[in-house]
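For clarity, every value in this text was computed on a predicted model and none was experimentally measured. Whatever order the structure lists ligands and atoms in, that order sets their numbers, starting from 1.
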Amino acid sequence: MDPYAPTPADRFTFGLWTVGNPGRDPFGEPTRAPVDPTYSVARLAELGAYGVNFHDHDLVPDGTPTAERDRIVARFKRALEEHGLVVPMATTNLFRDPLFKDGAFTSADARVRNYALHKTMRAIDLGAELGARTYVFWGGREGAEVDAGGKLLDALQWYRDSLDYLCEYVREQGYGMRFALEPKPNEPRGHAFLPTVGSALGFIATLSYPDMVGLNPELAHETMAGLSFPHALAAAIDAGKLFHVDLNDQIMARFDQDLRFGAENLKTAFFTVMLLEEHYDGPRHFDAHALRTEDEEGVWAFALGCMRTYKILAEKAERFRGDPEIQAAIASYRVDDPEGTWPPRFDAAHAASLKGREFDLTSLRARGPGLERLDQLTVELLLGVR
Ligand code: DIG
Ligand code: MN
Ligand code: MN
């Protein structure tokens, strides 16, 4: 039995747009044929995936008449049923149609903002019909190249109004959905609004229904911003806002590569898996795609690779937690202060004694934390020699 063979119990999911990515890029035409969503369902089920996600347009192309829409959805439901996959998350394509060229919820044209609400409510209905409990908002076109239009503050207010409106809609419909904002620093817009996990966390606090809104952090997006994804993930977990996650890989300060999970930064992937395994029980979603060079078999090798690498790193995380030398190195790294235990709440007597306390600053300065050795032990564990 292959211990790294994915199973539905691992809760791995893929967007239809990921394994269906045709290999188009800004400088070249597709290198792969389009993929029927029901075929992706069948192949992902074969590989051991748990579910699929979609943008409205991935499943029901924009402008599809209602009767055809219903036929497509019924056929997709049959495929999900036949292959035992679920749909944990759905989202809206508010970035493909040229009318969103200067934003959707943050467009300076109120008619476009209203159309974005129209399209999103219908897409939420579709997601609810297929059982999605998380609804993702990636503001692909919510940004700017020119700030002279004076909407730096208005854009945030329009974004807030739209999310509040859609929270009201979901409550009124009784869908029981939660929203997950997906930050990205740039691309396709020059500067994106809500560029990082940190900025999105602050923004959520200003919404009318903050409890309904969390985050869908993406590894590639925080990395593009020059930030640590494990640190961003920890901030989302700390705030109780990790509602979903987009896993992939990325070389820092490059365009959004959406590489196979673990393809570039194994330590980043390792600490990401460690955090998810300990603090998150939702789908492990791969928002990634095969290299443009690949044929169809390369696509499925890519998908299997994402899942296998996650499982291998989850086993490494177990070994890390059970490794006596590593755990001893962590224990000696973290020093208690027998004299400095804080009272359960602030009190003036404690503050006075702390202010009057003598510290042996020379020895505090001299102490070595042992991080080089701890990191080497971690690297050796990842290299398979521990
Ligand atoms: C890109 O990183 C975005 C879109 O693919 C989608 O809206 C979201 C869902 O994972 N990720
Ligand atoms: Mn991405
Ligand atoms: Mn994503």
Side-chain angles (χ1 to χ4, degrees), residues 11-22 24-26 37 40 49 51-59 62 87-97 100 103-105 116 119-120 123-124 126-127 130 132-143 163 166 177-189 192-197 200 214-225 227 229 232-233 236 242-261 263-265 268 272 282-292 302 306:
R11 286 158 296 166
F12 293 131
T13 61
F14 288 83
L16 289 176
W17 69 90
T18 66
V19 291
N21 180 293
R24 177 185 292 107
D25 71 18
S40 296
V52 290
N53 310 304
F54 60 85
H55 303 84
D56 50 349
H57 177 73
D58 301 330
L59 183 63
D62 296 345
V87 177
M89 179 272 274
T91 184
T92 325
N93 190 313
L94 295 176
F95 45 89
R96 174 188 152 276
D97 190 323
F100 294 126
F105 299 132
K119 190 174 198 283
T120 305
I124 286 173
L126 176 61
L130 286 159
R133 304 282 290 174
T134 303
Y135 205 82
V136 163
F137 291 81
W138 168 59
R141 301 289 177 190
E142 316 297 8
L163 289 170
L166 292 166
M177 266 179 190
R178 294 192 306 180
F179 288 175
L181 306 185
E182 179 177 338
K184 187 178 181 182
N186 61 70
E187 191 196 9
R189 298 307 300 267
F193 300 128
L194 304 183
T196 65
V197 159
L215 288 172
N216 176 45
E218 177 170 316
L219 193 153
H221 297 177
E222 299 301 308
T223 305
M224 284 169 71
L227 298 172
F229 186 68
L233 202 54
L242 186 62
F243 287 9
H244 197 263
V245 67
D246 273 4
L247 298 173
N248 50 20
D249 212 339
Q250 175 74 31
I251 300 174
M252 197 169 275
R254 274 205 183 38
F255 63 93
D256 189 355
Q257 296 173 294
D258 288 341
L259 298 172
R260 184 183 78 256
F261 183 62
E264 276 300 326
N265 309 293
T268 294
T272 294
R284 275 75 171 139
H285 177 232
F286 297 106
D287 184 7
H289 54 76
L291 297 169
R292 183 169 183 264
F302 144 81
C306 286

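- Under a cutoff of 6.0 Å and an axis angle of 45°, R178 and F243 form a cation-pi pair.
- If you look at D256 and ask which of its N, O or S atoms sits nearest the Mn ion (ligand 2), the answer is OD2.
- For the Mn ion (ligand 3), the set of protein N/O/S atoms nearer than 2.8 Å consists of E182 OE2, E218 OE1, D246 OD2, D287 OD2, ordered by chain and number.
- Every side-chain hydrogen bond (donor to acceptor under 3.5 Å, both in side chains) that R189 has, sequence neighbours left out, goes to D102, E145.
- Exactly one residue among W17, W138, F100 makes a ring-ring contact (aromatic ring centres under 6.0 Å, His included) with F95. That residue is W138.
- Residues P195 and P183 are not in side-chain contact: their nearest non-hydrogen atoms beyond the backbone lie 4.5 Å or more apart.
- Ring centroid separation for the pair F14 and F286 comes in under the 6.0 Å cut-off.
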- Item | Audit row: H221, F229, ring pair (Phe, Tyr, Trp, His ring centres under 6.0 Å) steps and yes/no | CA-CA 8 Å; H221 297 177; F229 186 68; 9.5 Å; no
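- Across all non-hydrogen atoms, the minimal contact from V87 to F54 is CG1-CE2, 3.6 Å.
- Every protein residue with a heavy atom nearer than 4.0 Å to ligand 1 is included here: W17, H55, M89, T91, V136, W138, E182, N216, E218, H221, D246, H285, D287.
- Looking at heavy atoms from C-beta onward, L242 lies out of side-chain contact with L215 at the 4.5 angstrom threshold.
- Salt bridge D97/K119: absent, no basic N to carboxylate O contact under 4.0 Å.
- Qualifying side-chain hydrogen bond (donor to acceptor under 3.5 Å, both in side chains) partners for H285, counting only residues two or more places apart in sequence or in other chains: N53, D246.
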